[in-house]
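So the structure is just underneath, and the comments pick up after that.
When reading the values below, keep in mind they use all heavy atoms of this one structure, side chains included, and skip hydrogens, waters and symmetry mates.
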Amino acid sequence: MSAIPATSAANPLVTEVDQLLQRLGVPRAAYSGGSLPVRSPITGEAIGAVPEVSPVHATAAIGRAHAAFLVWRNVPAPRRGELVRLLGEELRAAKADLGLLVTIEAGKIPSEGLGEVQEMIDICDFAVGLSRQLYGLTIATERAGHRMMETWHPLGVCGVISAFNFPVAVWSWNAALALVCGDSVVWKPSEKTPLTALATHAIAQRAVARFNREAGGGAPEGLLELLIGQRDIGEELVDDARVPLVSATGSTAMGRAVGPRLAARFARGILELGGNNAAIVAPTADLDLALRGIAFAAMGTAGQRCTTLRRLFVHESIYDQLVPQLAKVYANVQVGDPRAAGTLVGPLIDRQAFDGMHKALEQSRALGAKVHGGCRVEGIGGPDAYYVRPALVELKAHEGPALHETFAPILYVVRYGTLDEAIEMNNAVGAGLSSSIFTLNVREAEQFMSAAGSDCGIANVNIGPSGAEIGGAFGGEKETGGGREAGSDSWKAYMRRATNTINYSTALPLAQGVVFDV
């Protein structure tokens, strides 16, 4: 493939991306002349051509990461936290440029692009504090003169496979925790968003250089590796015995392929897969609040978040009041170039996403659904840019495409009569990532969050299912994969636990009253 020029009068976006990448410290050879074309969903035009690594190179990178782990595991955890603190500083300095690059490569509006980088900064702050809080337990023992406790140790190489919709934040959720836990990290980003990965890697390498120059050293070569490539490169991470943990974000289909391969070699998986998320609007709901919460959750990021609101259950007593208001919001929301003032909905990532949305809407119409919006918006970008009006689909029953995730701005709306009925529909899909209820009735809220309520990993009240903070563990149940990233005690997935019993007496009593005298 011929090289993509670093600048182009015919495509000013190429020039802008080149300038951004230069400021972020990425060498031109890393994003021009390669075999992997990079297109911006804003215009559909090529903005780079990235060299790909081979499986042989991937194997070598894993080897370097493993060697780095053998050194890094012996660095005290608070010292490891210092590296993550410096990473947070470098991200703060690069926030504007990296956030704009996210907008250009993933199509997010600027506040979302900047918000993603802020999320990276936030997880660094969290991990720095965590580096002094990797606590184990002291456990009561039945044997006199003994002490029992648990100790947490670094695990090894952490493989990260990320998706296009959060091209940099997901890496940070894993990398910040893995680094303070004593692990090295090998990252295989989405082939749809490699430029943001190259920029993030350059930022991280500056933090490593500062750590070794200013903070007394100790960060070995290979601690953070980046692998640009296709599915075969991800498979190298999944199958390599030197990688005890793989955190993979993507579709449920991807998880079905990755999970058994990890299990076959007894490796750990943090699987962040599909999310067919729902919200319930109860009779007592603050409808203005609900309307605003639904709008962001369903249309933000052009419906391309794993936590995007895709199903809405509205009580029959308020349906005719809420849904027409929602339809007006859908009709008036500004769709366009995400960099333009007032735009709230940018482009779909590519033609595949557009085709998936079109197919789901056709299936809905075949069921007799009333579809508001959903058409392609012409005149924005080029022929390979896919802008669509968000679709509001009034279904007569909870069926058809509503039961399956479509990664696009489609919101299916269904009436319900009782809360039990709504909760049953909430739970009646394969995925179990996020959910919410809008209600001012404490009994309804508590029932929704109880064991008999939502079966999702995230269950919110009076906010939508989208927009999680890093302080809580992020992830879901069932076909979402069961993995947890970011806050709470998610750090435990990146470490191994040892139970220790210490005898400080002169006797040797055995547990459970066993006698074995010799």
Mark yes when over 12 heavy atoms from residues, nucleotides or ligands other than R92 sit less than 6.0 Å from its CZ; otherwise mark no. yes
Is it true that R265 and D239 make a salt bridge, defined as a side-chain N closer than 4.0 Å to a carboxylate O? no
Can you confirm whether E150 is buried at CD, in the sense that more than 12 heavy atoms of other residues, nucleotides or ligands lie under 6.0 Å from that atom? yes
If only atom types and distance count, is the side chain of R73 paired as donor or acceptor with the main-chain N or O of H153 below 3.5 Å? no
State, yes or no, whether a side-chain contact exists between E52 and E191 at a heavy-atom distance under 4.5 Å. no
Please determine if E236 and K188 form a salt bridge, counting it only when a charged side-chain N lies under 4.0 Å from a carboxylate O. no
Examine distances only and state if a side-chain atom of R268 and a backbone atom of A493 form a donor-acceptor pair shorter than 3.5 Å. yes
Rounded to the nearest 0.5 Å, the CD1 atom of I280 sits from the CG atom of L312 at a distance of 9.5 Å
Quick one: pull up CD in E405 and CG in N277 and give me the separation to the nearest 0.5 Å. 7.5 Å
Pairs involving residues 420-436, ordered by first then second residue, that meet salt bridge (charged side-chain N to carboxylate O under 4.0 Å, His left out) (sequence neighbours left out): none
Check for me whether the distance between the ring centres of H398 and F313 falls short of 6.0 Å. yes
Is the gap between the ring centers of Y504 and H146 under 6.0 Å? no
Calculate, to the nearest 0.5 Å, the distance between atoms CD and CG belonging to Q133 and D489 respectively. 12.5 Å
Check step by step if side-chain contact (heavy atoms from CB on, under 4.5 Å) holds for I123 and E119. CA-CA 6 Å; I123 195 65; E119 195 164 12; over 6 Å; no
Counting distance only, does the side-chain N/O of N503 pair as donor-acceptor with the main-chain N or O of A507 below 3.5 Å? yes
